[in-house]
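Being a predicted model, the structure only gives us computed values, none of them experimental.
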Amino acid sequence: MLPFTKVQGLGNDFVVVDLRRDSAGPMAASAQEPAIVRAICDRHFGVGADGVLAILPGAKGVARMRVLNADGSEAEMCGNGIRCVAKVLYEADASLRRPVLEIDTGAGLLVCEMTATDGHVDSVTVEMGRPRFSRDEVPLAPAGAGRALREPITVASPADAGRALERTFHFTAVSMGNPHAVIFVDDPSEDLMALATKYGPGLEVAPTFPRRANIEFARVRAGTSGAEIDLVVWERGCGITLACGTGACATAVAACVEERLARGREIPVHLPGGPLGITVASDDAGVRMRGPATTVFRSELDLAALAARVA
């Protein structure tokens, strides 16, 4: 039996497994197999989650986070996920009960600042690193050193495929260690959730994105203390999620690049699961994300039973 913690950040939920003690053992290997990950994340026959987060020994920092999507694929980075992993490490390991934890990820070593009460983490602020813009870095096809800024992309709606209806959007590409295509929707009558649900699947796998992409549908609007962003994300390997931390970061960056918002202040980004606070550095050298992480429950995985079911 493998212990796990179910944790969520604004409704973006994960099964977190700490594999540091026996990362090369058969149980650790089984928990990271794509078929087992899909079985764990199944919301009817498994635990149910947007992904599995494996905590592994880190060459740098206190640990390494491996992100396994609900479809069994691997993502380079997960913004909500790293807050959840930082919370699990802080609360479960007395030796790591520190104000700051450094965690190794596919996007590099990231610094997590903990806000805790009586040993329980309330929120985590993460220095998410430098956003990347070049076509080679995102990556995009065709490749190159240039940027995709309001670049047109045409996609057919699956629901309308029989009638061959298509729609053209304009996206700005940003990598936060994983690829994002941010689409701003200026028409206030358009439903962001409906757009993401309808067009996200086709855009995710468009030939423009050789490693697929997270697709953001966003709108800038007036808030109580300045402009804010409403956002719905079609997440690569997961579909619609209630929140996406890297997506919120990429969208805030894109808003600044498109000169919709100013850099240097915390921008409230409102996702279906709740708000994140995103700050883009004045020189685009880094992005800071602030948000909650909440433990749902703790239990154990019967990996043998899962393996038998997916065999």
Rounded to the nearest 0.5 Å, how far apart are CZ of Phe4 and CG of Leu303? 10.5 Å
For the side chain of Arg167 and the backbone of Thr154, is there at least one donor-acceptor N/O pair under 3.5 Å apart? no
When you measure from the side chain of Asn214 to the backbone N and O of Arg236, does any donor-acceptor pair fall under 3.5 Å? yes
Give the intermediate values and the outcome of salt bridge (charged side-chain N to carboxylate O under 4.0 Å, His left out) for residues Asp186 and Arg260. CA-CA 11 Å; Asp186 294 322; Arg260 296 171 179 270; 2.9 Å; yes
For the residue pair Phe169 and Phe217, is the inter-centroid distance of their aromatic rings smaller than 6.0 Å? yes
Could you go through Ile55 and Leu89, starting from their C-alpha distance and side-chain angles, then the distance that decides it, and tell me whether this counts as side-chain contact (heavy atoms from CB on, under 4.5 Å)? CA-CA 9 Å; Ile55 302 177; Leu89 286 168; 3.9 Å; yes
Closest heavy-atom pair and its distance - Cys84, Gly9: SG-N, 3.9 Å
Quick one: do Asn178 and His180 satisfy side-chain hydrogen bond (donor to acceptor under 3.5 Å, both in side chains)? Show the steps, please. CA-CA 7 Å; Asn178 55 351; His180 296 268; 2.9 Å; yes
Spell out, as yes or no, whether a donor-acceptor pair under 3.5 Å connects the side chain of Lys60 to the backbone of Leu109. no
Whether the side chain of Thr105 engages the backbone of Ala107 through a donor-acceptor N/O pair (distance < 3.5 Å, no angle test) should be reported. yes
Can Asp71 and Arg38 be counted as an ion pair, charged N to O under 4.0 angstrom? no
Straight-line distance of Ile240 CD1 to Ile215 CD1, nearest 0.5 Å: 10.5 Å
Are the side chain of Ser175 and the backbone N or O of Gly177 linked by a donor-acceptor pair below 3.5 Å? yes
Roughly how far, to the nearest 0.5 Å, is CH2 of Trp234 from CD of Glu216? 13.0 Å
Co-membership, hydrophobic cluster, residues Val182 and Leu195, 4.5 Å side-chain: no
More than 12 heavy atoms of other residues, nucleotides or ligands under 6.0 Å from CZ of Arg298: is that the case? no
In terms of hydrophobic clustering (I, L, V, M, F, W, Y; side-chain heavy atoms under 4.5 Å; direct or indirect links), are Leu19 and Ile36 co-clustered? yes
Do other residues, nucleotides or ligands put more than 12 heavy atoms under 6.0 Å from the CZ atom of Arg135? yes
Under 3.5 Å: donor-acceptor pair, side chain of Gln8, backbone of Leu10: yes
Within the 4.5 Å heavy-atom criterion, are His270 and Glu228 side-chain neighbours or not? yes
Separation between CG of Leu68 and CG of Asp50, rounded to the nearest 0.5 Å: 13.0 Å
CG (Asp187) with more than 12 external heavy atoms under 6.0 Å: yes
Met289 reachable from Val257 in the ILVMFWY side-chain graph, under 4.5 Å edges: yes
Do you know which of Val280, Val287, Asp283 makes side chain to side chain contact (heavy atoms under 4.5 Å, CB included) with Arg263? Val280
For Ala86, all residues meeting side-chain contact (heavy atoms from CB on, under 4.5 Å), sequence neighbours excluded: Ile103, Cys112, Met114, Val124
Nearest heavy-atom contact between Ala39 and Leu306 is CB-CD2, 3.9 Å
Stepwise side-chain contact (heavy atoms from CB on, under 4.5 Å) check, Glu166 with Val155: CA-CA 6 Å; Glu166 296 182 332; Val155 62; over 6 Å; no
With rounding to the nearest 0.5 angstrom, report the CZ to CG distance, Arg64 to Asp104. 7.0 Å
Which atoms form the tightest heavy-atom contact between Ser95 and Arg98, and what is the distance? O-NE, 3.4 Å
Expected output: side-chain Asp136 to main-chain Gly144 donor-acceptor under 3.5 Å: yes
Heavy-atom check, side chain of Pro57 versus side chain of Ser23, under 4.5 Å: yes
Looking at Asn69 and Gly51, would you say the former's side chain and the latter's main chain have a donor-acceptor pair under 3.5 Å? no
So which of Val85, Thr241, Thr246, Asn12 actually passes side chain to side chain contact (heavy atoms under 4.5 Å, CB included) with Asn80? Asn12
Could you check whether any side-chain heavy atom of Pro272 comes within less than 4.5 Å of a side-chain heavy atom of Val232, counting everything from C-beta outward? yes
Count the heavy atoms belonging to other residues, nucleotides or ligands that lie under 6.0 Å from CD of Glu300, then report whether that count exceeds 12. yes
Keeping the roles fixed (side chain from Glu91, backbone from Val121), state whether a donor-acceptor pair exists under 3.5 Å. yes
So that I know where these two stand, are Phe171 and Phe209 an aromatic pair - ring centroids less than 6.0 Å apart? yes
Side-chain (Asp13) to main-chain (Val7) donor-acceptor, under 3.5 angstrom: no
Looking at every non-hydrogen atom in both residues, tell me the closest pair between Met193 and Asp191 and how far apart they are. N-OD1, 2.9 Å
Test: Asp284 and Arg130 ion pair at under 4.0 Å: no
Identified side chain to side chain contact (heavy atoms under 4.5 Å, CB included) counterpart of Leu271 within the set Val233, Ile229, Asp230, Leu242: Val233
Which residue in the set Glu74, Glu204, Glu76, Glu137 passes salt bridge (Lys or Arg N to Asp or Glu O under 4.0 Å) when paired with Arg211? Glu76
Scanning both residues in full, the closest heavy-atom pair of Pro152 with Thr168 reads CB-CG2, 4.1 Å
Straight-line distance of Leu276 CG to Cys249 SG, nearest 0.5 Å: 7.5 Å
Side-chain contact test, heavy atoms from C-beta onward, threshold under 4.5 Å: evaluate it for Asp302 versus Met1 and give yes or no. yes
Worked verdict on Met77 versus Ile82 for side-chain contact (heavy atoms from CB on, under 4.5 Å): CA-CA 8 Å; Met77 176 55 190; Ile82 195 171; 3.9 Å; yes
Spell out, yes or no, whether Phe14 and Val17 are grouped together once hydrophobic residues are joined by side-chain heavy atoms under 4.5 Å, including indirect joins. no
Thr251 versus Phe184, closest heavy-atom pair with distance: O-CZ, 3.7 Å
Heavy atoms from other residues, nucleotides or ligands near CZ of Arg97 exceed 12 (cutoff 6.0 Å): yes
Count I, L, V, M, F, W, Y as connected when their side-chain heavy atoms are under 4.5 Å apart, and connections chain through other members. Are Leu96 and Val126 then in the same cluster? yes
Between Arg20 and Asp93, does a salt bridge (charged side-chain N to carboxylate O under 4.0 Å, His left out) hold up when you go through it step by step? CA-CA 12 Å; Arg20 289 176 295 161; Asp93 190 336; 3.5 Å; yes
Please check if the number of heavy atoms outside Arg21 that lie under 6.0 Å from its CZ is greater than 12. no
Test log, rule side-chain contact (heavy atoms from CB on, under 4.5 Å), inputs Met65 and Val67: CA-CA 6 Å; Met65 176 182 74; Val67 182; 3.7 Å; yes
